[in-house]
2 protein chains.
Amino acid sequence: MQVSPVTGIDRCVETRIDEGRVESVAASLVSLDEAVDLAEMFRLLGDPTRVRILYALLEAGELCVCDIAAVVDTNETKVSQAMRLLRSAGAVRNRRDGRNVFYRLDDAHVRMLLDLSREHLAHTVGDD
Amino acid sequence: MQVSPVTGIDRCVETRIDEGRVESVAASLVSLDEAVDLAEMFRLLGDPTRVRILYALLEAGELCVCDIAAVVDTNETKVSQAMRLLRSAGAVRNRRDGRNVFYRLDDAHVRMLLDLSREHLAHTVGDD
DNA sequence: AGTATATCTTCACGTCTGTGCAGGTTTCTC
DNA sequence: GAGAAACCTGCACAGACGTGAAGATATACT
């Protein structure tokens with residue numbers, strides 16, 4: 001990599017393919033803060049267990065930890081830890097009823113992403 | 001956590017809140033393989049730098065590494081590594097033109113997720 | 001009060017990930 | 001061919017992450 005003698009950082013020296021377009025795109029680009037928030041949300045969905053849990057909730061509406069573990073075919077510890085993450089991120093909401101704690105989706109954006117991605121799965125033949 | 005004396009695994013012993021619904025939801029749940037694929041895709045978007053890069057490409061259509069680094073305000077190494085990940089995952093496609101390598105989005109699903117998420121950003125006032 | 005069930009938390013461990021640095025490759029220009 | 005520019009790769013390392021074990025808490029039932 002080449003370090004610019006001008007700026008001192010490893011970036012193309014000063015030639016831009018299209019300086020105007022670079023500025024234009026940079027101006028309309030999502031801010032770093034927005035990107036961090038978005039990435040955080042996508043990261044929630046970046047784990048198979050969490051994805052399945054969320055799809056189970058999308059389908060069932062509301063499920064207790066016990067049943068989530070059964071549906072997703074995993075243990076309660078995994079579910080509990082996943083729920084803590086999802087809860088603190090605002091993706092799900094919980095409600096206690098006796099010994100059971102019921103979870104449900106609580107984020108329209110997450111719900112939308114799941115919904116559309118499931119459709120995408122259905123339309124995908126087998127190419128990946 | 002309580003280990004079931006029957007099954008030996010740490011799961012609610014045998015009482016289900018609703019056995020029928022559990023089976024029903026489990027039957028229509030995305031498979032583990034599908035969940036792994038989906039999670040892998042979401043994981044691509046689970047990093048602020050990659051998110052911004054992808055949005056830059058969504059906006060610009062095509063950009064060289066040099067300009068991507070300028071737009072996203074980062075160094076070429078980061079961009080290169082990010083592009084390798086995105087490329088091997090099939091999210092972007094590259095084209096060489098002289099000294100420059102141009103990248104563009106190459107995945108309809110990713111494009112859709114980005115598009116809808118940007119709309120979501122626009123509609124979000126400030127609550128997160 | 002005592003026990004069992006459901007859920008949560010803490011801790012520790014192995015692995016994955018993002019990052020910077022240094023060097024390598026390809027292409028263009030002189 | 002020499003040098004510069006754009007891009008890529010390998011390495012090392014700190015930090016984050018997913019996981020399981022063990023114990024704690026909360027609620028129900030007798």
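Just so we're on the same page: letters track the sequence lines, and every chain starts at 1. What you are looking at is a predicted structure, and each value in this text was computed from that prediction instead of being measured.
A straight line from CZ of A:Arg99 to C1' of D:dA28 spans 4 Å, rounded to a whole angstrom. Rounded to an integer number of Å, the gap from B:Asp97 CG to C:dC28 C1' is 12 Å. In this entry the distance linking OH of A:Tyr103 with C1' of C:dT7 reads 8 Å, nearest Å. Atom C1' of nucleotide D:dA24 and atom CZ of A:Arg84 are separated by 14 Å, given to the nearest angstrom. Between the CZ atom of B:Phe102 and the P atom of D:dA6 there is a distance of 11 Å, given to the nearest Å. For A:Leu86 and C:dC8, the CG to P distance is 12 Å, given to the nearest whole Å. The distance from atom CD of A:Glu76 to atom P of D:dA21 is 14 Å, rounded to the nearest whole Å. Straight-line distance from the CG atom of B:Leu63 to the C1' atom of D:dC7: 15 Å, rounded to whole Å.
Residues meeting the side-chain hydrogen bond (donor to acceptor under 3.5 Å, both in side chains) test with A:Arg95, sequence neighbours left out: A:Glu62. Residues meeting the side-chain hydrogen bond (donor to acceptor under 3.5 Å, both in side chains) test with B:Glu23, sequence neighbours left out: none. Partners of B:Arg96 under the side-chain hydrogen bond (donor to acceptor under 3.5 Å, both in side chains) rule, at least two apart in sequence or in another chain, do not exist in this structure. Judged as a side-chain hydrogen bond (donor to acceptor under 3.5 Å, both in side chains), and not counting sequence neighbours, A:Glu119 has no contacts.
Remark: A:Asn100 is not in phosphate contact with D:dT27, judged by side-chain N or O atoms under 4.0 Å from OP1 or OP2.
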Just the table, please: protein N/O against nucleotides 16-20 of chain D N/O, every pair under 3.5 Å.
residue	atom	partner	partner atom	Å
D:dC17	OP1	A:Arg43	NH1	3.1
D:dC17	OP1	A:Arg43	NH2	3.3
D:dG18	OP1	A:Arg50	NH1	3.0
D:dG18	OP1	A:Arg50	NH2	2.8
D:dT19	OP1	A:Lys78	NZ	3.4
D:dG20	OP2	A:Asn75	ND2	3.4
D:dG20	O6	A:Gln81	NE2	2.9

Using atom types as modelled, flag every donor-acceptor pair under 3.5 Å from a side chain in residues 45-58 of chain A to any protein atom, sequence neighbours excluded.
residue	atom	partner	partner atom	Å
A:Asp47	OD2	A:Thr49	N	3.1
A:Asp47	OD2	A:Arg50	N	3.2
A:Arg50	NE	A:Leu44	O	2.7
A:Arg50	NH2	A:Arg43	O	3.1
A:Arg52	NE	B:Val30	O	3.2
A:Arg52	NH1	A:Val72	O	3.1
A:Arg52	NH2	B:Val30	O	3.3
A:Tyr55	OH	A:Leu114	O	2.7
A:Tyr55	OH	A:Arg118	N	3.3

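A:Leu32 and B:Leu121 end up in different hydrophobic clusters when Ile, Leu, Val, Met, Phe, Trp and Tyr side chains are linked at under 4.5 Å.
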